[in-house]
Protein chains: 2
Amino acid sequence: MAKETKISMAVIRRLPKYHRYLAELLTNDIDRISSKELSERIGFTASQIRQDLNCFGDFGQQGYGYNVRDLYNEIGKILGLDKNYKTIIVGAGNIGQAVANYSKFEKLGFHLQAIFDKNPKLVGIRIRDIEVKDVDCLNSYLAQNPTDIGIICVPKEHAQMVADIMVKHGIKGIWNFAPTDIKVPDDVIVENVHLSESLMTLSYRLNESNLFNE
Amino acid sequence: MAKETKISMAVIRRLPKYHRYLAELLTNDIDRISSKELSERIGFTASQIRQDLNCFGDFGQQGYGYNVRDLYNEIGKILGLDKNYKTIIVGAGNIGQAVANYSKFEKLGFHLQAIFDKNPKLVGIRIRDIEVKDVDCLNSYLAQNPTDIGIICVPKEHAQMVADIMVKHGIKGIWNFAPTDIKVPDDVIVENVHLSESLMTLSYRLNESNLFNE
DNA sequence: ATATTTTTGTGCATATTATAACATATTTAT
DNA sequence: ATAAATATGTTATAATATGCACAAAAATAT
Ligand SMILES: NC(=O)c1ccc[n+]([C@@H]2O[C@H](COP(=O)([O-])OP(=O)(O)OC[C@H]3O[C@@H](n4cnc5c(N)ncnc54)[C@H](O)[C@@H]3O)[C@@H](O)[C@H]2O)c1
Ligand SMILES: NC(=O)c1ccc[n+]([C@@H]2O[C@H](COP(=O)([O-])OP(=O)(O)OC[C@H]3O[C@@H](n4cnc5c(N)ncnc54)[C@H](O)[C@@H]3O)[C@@H](O)[C@H]2O)c1
């Protein structure tokens, strides 16, 4: 039975990893798994796995474990991967193109509808059969095409402005690659990908453990 | 006086954000800041800021606050940004090229030395004046050129193999973009960038708060 | 000079998160 | 059928992390 208490961010961040490991089990034709066995593969404690999953329902069975396919589907549903999302990318530079070209997001239900840039040299080129539009058309495009997720791949100086346009047109989810914290109303979700922060964490950890010697 | 206790990952993950906000203050010619004022900008509590910073030393002064430039430099040092790192990228596809082209990593001290791919069509092309080498040369390259950080941008099926080669040649830091958990000895640090997990978290949060209606 | 204000560093309380323990249900083996 | 083994969901306990409060120190104002 699903619990009512608010799920903590710590749990949420682990869900995609469960999803990934369950997908792997499926491709290996493993159709049942215990929290103990999953624990050994995924690296969380069995107790944590049981507690995490129990936030969302009684998916397991005593003496048996979890049915892999069922659990995979359930977690997919919890993550919202049973739905389809219309996405756009603003900024067709390095990261914008990389994300646009990554076809696996489509399989997860994230459908790229349009790409925008302000550079005339990029406007008109095709990325995965999608023609890059001038960012001047962003407002009118969004007015006509309801969009679920906006992906920001512009330099940080322009990120807030792009976000504002997205919010104005009802976009509720923003995936932000610019190294800045954009301000949005409470009913808009921003998920940041701060690559520089990730790299800095790596260098911190290298030095902390004295593994790095110049 | 710097503390001896081990710094928690929660604190470490906040350090790059301090660094970023301090850089911003510097460009705005603000040369002193209190934990209270920083708190209002950065969104952490003033108490947390003071406690975080105090893990590494008494950087502040009662009645005054923190000197922005000094603190910026200190945090840079803590993050290891006062050092230089030799990096290589393996996998010159979408993400590999995006990362290679991002010149700001150079400014932080991460110096891209070489790029490898197995695709003959990519071998020989130049990215930021660096010629893409055949991955068959990776072993001999690393044997001759000590490298600090290896950046993995190959499909997940090849990630472990690439990591093994890196580890064999003494690379101690791996920045991994492949959606898989690579296995390395205890003295090697892996920092993962799992973009799909980030996107799934966004869709979870969209659905959780009922902001998404298909 | 003195008083007032500011603001840190830190001890302590609270809240959150993770782990361990176990009663209970189910499966497997005999 | 019965016993032993397995493995869950859940409660209890431990470990972490955050926030509050305040003495002490320094800056600023009078
Ligand atoms: N490439 C990386 O590895 C990397 C790493 C860390 C952070 N980032 C961040 O990701 C973002 C994109 O980086 P990138 O490397 O792709 O940069 P890029 O310069 O290659 O691409 C940015 C694109 O945005 C376009 N643009 C600029 N202003 C615009 C606007 N107002 N509207 C529409 N398009 C606009 C530019 O024409 C350009 O094509 C930046 O904020 C960058 O800091 C990138
Ligand atoms: N592009 C994205 O937005 C995105 C998102 C999430 C995850 N990723 C992950 O990042 C990695 C790279 O993605 P991408 O989009 O750049 O893919 P890509 O196919 O564009 O690039 C992969 C590159 O690796 C090369 N390669 C393959 N095997 C190799 C080997 N053994 N040695 C050297 N080079 C090899 C290929 O020739 C190719 O150029 C993948 O693991 C992918 O799952 C990418």
Side-chain angles (χ1 to χ4, degrees), chain A residues 1-18 21-22 25 30-72 74-75 78 201 204 208, chain B residues 1-18 21-22 25 30-72 74-75 78 201 204 208:
Chain A
M1 180 202 58
K3 300 296 176 299
E4 287 304 316
T5 46
K6 202 186 167 295
I7 310 299
S8 82
M9 209 53 187
V11 175
I12 298 166
R13 296 254 174 237
R14 281 190 293 269
L15 293 177
K17 196 160 168 181
Y18 291 124
Y21 273 82
L22 289 165
L25 291 172
I30 296 169
D31 59 356
R32 64 183 269 192
I33 189 116
S34 68
S35 60
K36 180 158 176 288
E37 208 186 325
L38 185 55
S39 161
E40 279 149 22
R41 292 170 181 256
I42 207 170
F44 306 150
T45 64
S47 182
Q48 181 164 70
I49 292 170
R50 290 202 298 279
Q51 207 161 45
D52 281 355
L53 298 180
N54 198 243
C55 293
F56 302 98
D58 295 5
F59 301 137
Q61 191 169 46
Q62 282 154 329
Y64 176 90
Y66 300 87
N67 177 290
V68 174
R69 180 163 296 281
D70 289 352
L71 188 57
Y72 174 80
E74 284 296 339
I75 291 181
I78 292 163
T201 304
Y204 173 89
E208 178 196 38
Chain B
M1 179 203 56
K3 301 296 177 300
E4 288 304 316
T5 43
K6 199 182 168 296
I7 311 298
S8 81
M9 209 53 187
V11 175
I12 298 166
R13 296 256 175 235
R14 281 191 292 268
L15 293 178
K17 196 161 168 180
Y18 291 124
Y21 274 83
L22 289 165
L25 291 173
I30 296 168
D31 59 355
R32 66 182 266 193
I33 188 114
S34 68
S35 59
K36 181 160 176 288
E37 209 185 323
L38 185 55
S39 159
E40 278 149 23
R41 293 169 179 256
I42 208 170
F44 307 151
T45 64
S47 179
Q48 180 164 68
I49 293 170
R50 290 202 299 278
Q51 207 158 45
D52 281 354
L53 298 179
N54 198 244
C55 292
F56 303 99
D58 295 6
F59 300 137
Q61 191 171 45
Q62 282 153 329
Y64 176 90
Y66 299 86
N67 178 290
V68 174
R69 179 163 298 282
D70 290 353
L71 188 56
Y72 174 80
E74 284 295 339
I75 292 182
I78 292 163
T201 304
Y204 172 90
E208 178 196 36

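In what follows, chains carry the letters A, B, and so on, assigned in the order in which the sequence lines appear, proteins first and then strands, with residues in each chain numbered from 1. The structure displayed is predicted, hence computed values, not measured ones.
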Report the distance from atom [atom1] of [X] to atom [atom2] of [N], rounded to the nearest whole Å.
X	N	atom1	atom2	value
Asn67(B)	dT8(C)	CG	P	13 Å
Phe59(A)	dA25(C)	CZ	P	21 Å
Ile49(A)	dT10(D)	CD1	C1'	17 Å
Leu53(B)	dT7(C)	CG	C1'	13 Å
Met9(B)	dT16(C)	CE	C1'	19 Å
Ile12(A)	dA18(C)	CD1	C1'	17 Å
Leu71(A)	dT8(D)	CG	P	11 Å
Phe56(B)	dT10(C)	CZ	P	14 Å

Nearest to the [X] side chain among [options], which nucleotide is it?
X	options	answer
Arg14(A)	dT28(C), dG9(C), dA18(C)	dA18(C)
Ser8(A)	dT17(C), dA27(D), dG9(C)	dT17(C)
Gln62(A)	dC12(C), dA7(D), dT28(D)	dA7(D)
Asp58(B)	dT10(C), dA26(D), dT28(C)	dT10(C)

Any [X] side-chain nitrogen or oxygen under 4.0 Å from OP1 or OP2 of [N]:
X	N	answer
Asn54(B)	dT10(C)	yes
Arg50(B)	dT8(C)	yes
Arg32(B)	dA26(D)	no
Ser47(B)	dC20(D)	no
Gln48(A)	dA18(C)	yes
Thr45(A)	dA18(C)	no
Tyr66(B)	dG9(C)	yes

Handout entry: First encountered from the 5' end of DNA chain D, between Lys36(A) and Ala10(B)
Key =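 Its nucleotide being nearer the 5' end, the pick is Lys36(A).
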
Practice task
Could you say whether Asp52(B) or Gln61(A) is positioned toward the 5' end of DNA chain D, judged by the nucleotide with the nearest heavy atom to each?
Solution key: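 Whichever sits nearer the 5' end wins; that is Gln61(A).
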
Point-to-point distance, once rounded to the nearest 0.5 Å, from [atom1] of [X] to [atom2] of [Y]:
X	Y	atom1	atom2	result
Gln51(B)	Ser35(B)	CD	OG	11.5 Å
Leu25(B)	Arg32(B)	CG	CZ	13.0 Å
Gln48(A)	Leu38(A)	CD	CG	11.0 Å
Phe44(A)	Asp52(A)	CZ	CG	7.5 Å

Problem - Atom NZ of Lys17(B) with >12 non-hydrogen neighbours under 6.0 angstrom - result: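 Result for NZ/Lys17(B): enclosed.
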
Problem - Upstream residue (5' side of DNA chain C) when Gly65(B) and Gly63(A) are each assigned their closest nucleotide - result: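 That would be Gly65(B).
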
Exercise for the section: Compare all side-chain heavy atoms of Thr201(A) with those of Tyr204(A) and state whether any distance is below 4.5 angstrom. Expected result: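 Answer no - side chains too far apart.
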
Practice task
Classify the side chain of Gln51(A) and the base of dT11(D) as holding, or not holding, a donor-acceptor pair under 3.5 Å.
Solution key: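 Indeed there is one.
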
Exercise for the section: Using a 4.0 Å heavy-atom cut-off across all strands, classify Phe44(A) as base, sugar-phosphate, or nothing. Expected result: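 No contact at all - Phe44(A) keeps every heavy atom at 4.0 Å or more from the nucleic acid.
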
